[in-house]
Amino acid sequence: QADFSILPATAFDEVKVHAGAGSARFGSGAFGGTILLNSSAKPSTSILNVTQEVGSFGRYFTSLSGGWSVDRLSAKTKLYRLTSENNFPILATGERQQHAAFNQSGIVQSVEYKWLPSKTISAHYWYHQADRQIQPTIGQFNSTDNQQDQNHRLVVRFQNNGAHGLFNAFAGYVSDEIIYNGGPSNVTRLISGVKHEFTFLQGIHAQVGAEWNHIMGAISNYPTGKAIEDRYDFTSSFQKAITNKLFLAVNLRQPQVSGFRAPFLPYIGADYMVVKGTINELKLRGSISKNYRVPTLNDRYWQNAGNVNLLPETSHAGELGWNLKIRSIEIANTWFAQKVDDWIQWTPQSNGNYIPQNIKRVLAEGVELKVNIKIIRSDFTWMSGANYQYTKSITLQTSANEQYVIDKQLIYTPQHTGTAYTRVMWKTYSLDLSAQCTGIRFTEASNSSTYALPAFTLFNLSVSQTLKVDKHQIDIVFFTKNILNTEYQLYASRAMPGRNYNFQLNYQLKTNPKL
């Protein structure tokens, strides 16, 4: 389980989002999607990058990154620090938010050595620390809850790109420590794996691999203070262009988890190109898959809440969609459905505590529509896009004493969400306007409107200018977030800031010399 609020975007070179159940090819348990965070040891076109930000409510952010290459050896280093008083005015009461300050800092170091054109070894290390005051509910003024995070991640990778395909082997060490109100909890993972990609039988692209995770939890809130688990994944995937219009993909995964009997997990997907032209294109796509997720260590062992008898979640999912491109307009439409047996959800009890429970059967189904347009005319570029998603996530079956939740939307899951943006660029100037819409969200299982969080729409605006002189580039950006000063909540009784501002200055040295 990852807390995205403490993961700084500056630590990564690339972020990829793979939506839908087909993302299970990156690991079992990825029901709704997978987010891949990548970094590289190879210097980009910027060998020096310095960023300074100043924002509302005492926000300061500084980052420094640089890379170099000498013959077969290359390296990249990133340093960052973020602090914020986070003492914004609470729109509902007019009082200043108390006890919500935070700071983060870290370093990312990557080194790669290529001793032969086809053979490379690399090492990647990421240290991250965060210290934050836990924001109290609106109206509470005596909170003292505090949390510190210390994260170490190290991976060493060998790659051989030879005549028989691409072979990868890696080993990793991960240490995640949380100190909550002075009480430490640590989860350590040892990871290793191999993967081989090759082509055979007239163009079938294949990939086979195996991965091992050894997880050790040292957490005082567990009954014995510790827990150990081993996970294995054996995978194979095959992609083949059946014709010049039909493309087929098959992914097969067999997980093994200590204490559980994991099922075989297949995925089958197909793309069919109906029309393929220079300016017009129409593609149909579809997939079916099965996936599986075991309860986390916290789900099973957290003191006075966890349940060792929790059942794993098993899902069956399907998607159908089409992509249409007409000149500068792109439209994508996806229909999806996923049925999950023994869905695990932490639900509030009458005493205010949360416990994990198996909701017997959940159905998540809906539709997504995306539209993008891009027009380029000399020094002028205009891009606009919109995305709407309707998601119905309801309980189909549950225990006899919880029949009132049947056909009710799952808590904190909006049925309607949408985003829209417009970007206008002229010469060195750029203007961006975006909107984020979130529908009503229920905070308890009976879907009572009394305790529901209302729908809201946020608007953000930024203006920027890019200055280039020889190999030097300076970007100046001014952000205005929540332009309309909208009052909203992401979690019940937790205030969010109104209108706020941020100024960013970024310098890049745009060259990549061989030293």
Side-chain angles (χ1 to χ4, degrees), residues 1-5 7 17-21 23 30-35 91-92 135 137-138 293 313 315 317-321 332-340 343-348 354 356-357 359 361-372 385-396 398 402 404-421 433-460 481-498:
Q1 291 175 325
D3 186 347
F4 281 86
S5 68
L7 297 181
V17 179
H18 294 268
S23 63
F31 281 2
T34 300
I35 299 177
L91 297 179
Q135 179 186 3
T137 56
I138 297 174
R293 190 179 80 92
E313 300 171 335
S315 78
E319 292 184 3
L320 286 174
N333 179 217
T334 303
W335 298 78
F336 59 89
Q338 183 171 205
K339 186 177 291 184
V340 183
W343 178 292
I344 298 172
Q345 181 171 289
W346 285 71
T347 56
Y354 281 71
Q357 294 179 320
I359 299 176
R361 178 169 292 173
V362 167
L363 174 65
E365 59 181 352
V367 60
E368 183 178 31
L369 180 64
K370 296 181 180 180
V371 180
N372 290 284
N387 175 32
Y388 167 75
Q389 182 167 299
Y390 170 78
T391 304
K392 184 180 180 181
S393 294
I394 60 173
T395 302
L396 296 180
T398 188
E402 293 182 334
Y404 65 93
V405 306
I406 297 295
D407 292 331
K408 297 296 194 298
Q409 186 80 355
L410 297 184
I411 62 173
Y412 286 105
T413 304
Q415 284 191 346
H416 305 278
T417 57
T419 60
Y421 77 94
L433 176 65
S434 65
Q436 173 191 343
C437 305
T438 301
I440 186 173
R441 288 154 296 141
F442 299 106
T443 61
E444 47 77 53
S446 67
N447 285 186
S448 169
S449 58
T450 303
Y451 304 104
L453 299 181
F456 64 88
T457 301
L458 302 179
F459 292 91
N460 303 308
K481 301 180 180 180
N482 194 358
I483 300 172
L484 301 183
N485 207 34
T486 300
E487 180 185 350
Y488 69 103
Q489 296 176 20
L490 296 180
Y491 291 94
S493 300
R494 259 70 180 187
M496 295 297 292

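Basis for what follows: all heavy atoms, side chains included, without hydrogens, waters or symmetry-related copies. The shown structure was predicted, so the numbers you read here are calculated from the model rather than taken from an experiment.
Between the CG atom of Leu369 and the CG atom of Asn333 there is a distance of 5.5 Å, given to the nearest 0.5 Å. To the nearest 0.5 Å, atom OG of residue Ser493 and atom CD of residue Gln135 are 10.5 Å apart. With values rounded to the nearest 0.5 angstrom, Leu396 atom CG is found 11.5 Å from Trp343 atom CH2. Atom NZ of Lys392 is separated from atom CD of Gln415 by 7.5 Å, given to the nearest 0.5 angstrom. To the nearest 0.5 Å, the span separating CD1 on Ile411 from CG on Leu453 amounts to 10.5 Å. Once rounded to the nearest 0.5 Å, the distance linking OG1 of Thr398 with NZ of Lys408 reads 12.0 Å.
No side-chain heavy atom of Thr486 sits under 4.5 Å from any side-chain heavy atom of Thr457. Between Asn387 and Glu368 there is a side-chain heavy-atom pair separated by less than 4.5 Å. Taking 4.5 Å as the limit, every side-chain heavy atom of Tyr404 sits out of range of all side-chain heavy atoms of Thr395. For the pair Ile483/Leu433, a side-chain contact is recorded, criterion being any heavy-atom separation below 4.5 Å from C-beta on. Looking at heavy atoms from C-beta onward, Val405 lies out of side-chain contact with Ile359 at the 4.5 angstrom threshold. A 4.5 Å side-chain heavy-atom check between Asn485 and Leu91 finds at least one atom pair inside the cut-off. Residues Thr438 and Tyr488 are not in side-chain contact: their nearest non-hydrogen atoms beyond the backbone lie 4.5 Å or more apart. When side chains are defined from C-beta on, Tyr412 does not count as touching Gln345, because their heavy atoms never get closer than 4.5 Å.
Side-chain atoms of Gln436 do not come within 3.5 Å of backbone N or O of Asn460 as any donor-acceptor pair.
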Could you go through residues 439-446 and list every donor-acceptor pair under 3.5 Å that involves a side-chain atom there, pairing it with any protein atom two or more places apart or in another chain?
from, atom 1, to, atom 2, distance (Å)
Arg441, NH1, Gln489, O, 3.3
Arg441, NH1, Leu490, O, 3.1
Arg441, NH2, Gln489, O, 2.7
Thr443, OG1, Tyr451, O, 2.7
Glu444, OE1, Ser446, N, 3.2
Glu444, OE1, Ser446, OG, 2.4
Glu444, OE2, Ser446, OG, 3.2
Glu444, OE2, Asn447, N, 3.3
Glu444, OE2, Ser448, N, 2.5

Quiz prompt | Chi angles and distances behind the side-chain contact (heavy atoms from CB on, under 4.5 Å) call for Val340, Arg361 | solution = CA-CA 6 Å; Val340 183; Arg361 178 169 292 173; over 6 Å; no

Practice problem: Before giving the answer on side-chain contact (heavy atoms from CB on, under 4.5 Å), spell out for Trp335 and Glu365 the whole-Å C-alpha distance, their side-chain angles and the decisive distance to 0.1 Å. | Solution: CA-CA 8 Å; Trp335 298 78; Glu365 59 181 352; over 6 Å; no

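Heavy atoms of other residues, nucleotides or ligands lying less than 6.0 angstrom from NZ of Lys339 number 12 at most.
Counting only N and O atoms by type, the side chains of Glu319 and Thr334 include no donor and acceptor under 3.5 Å apart.
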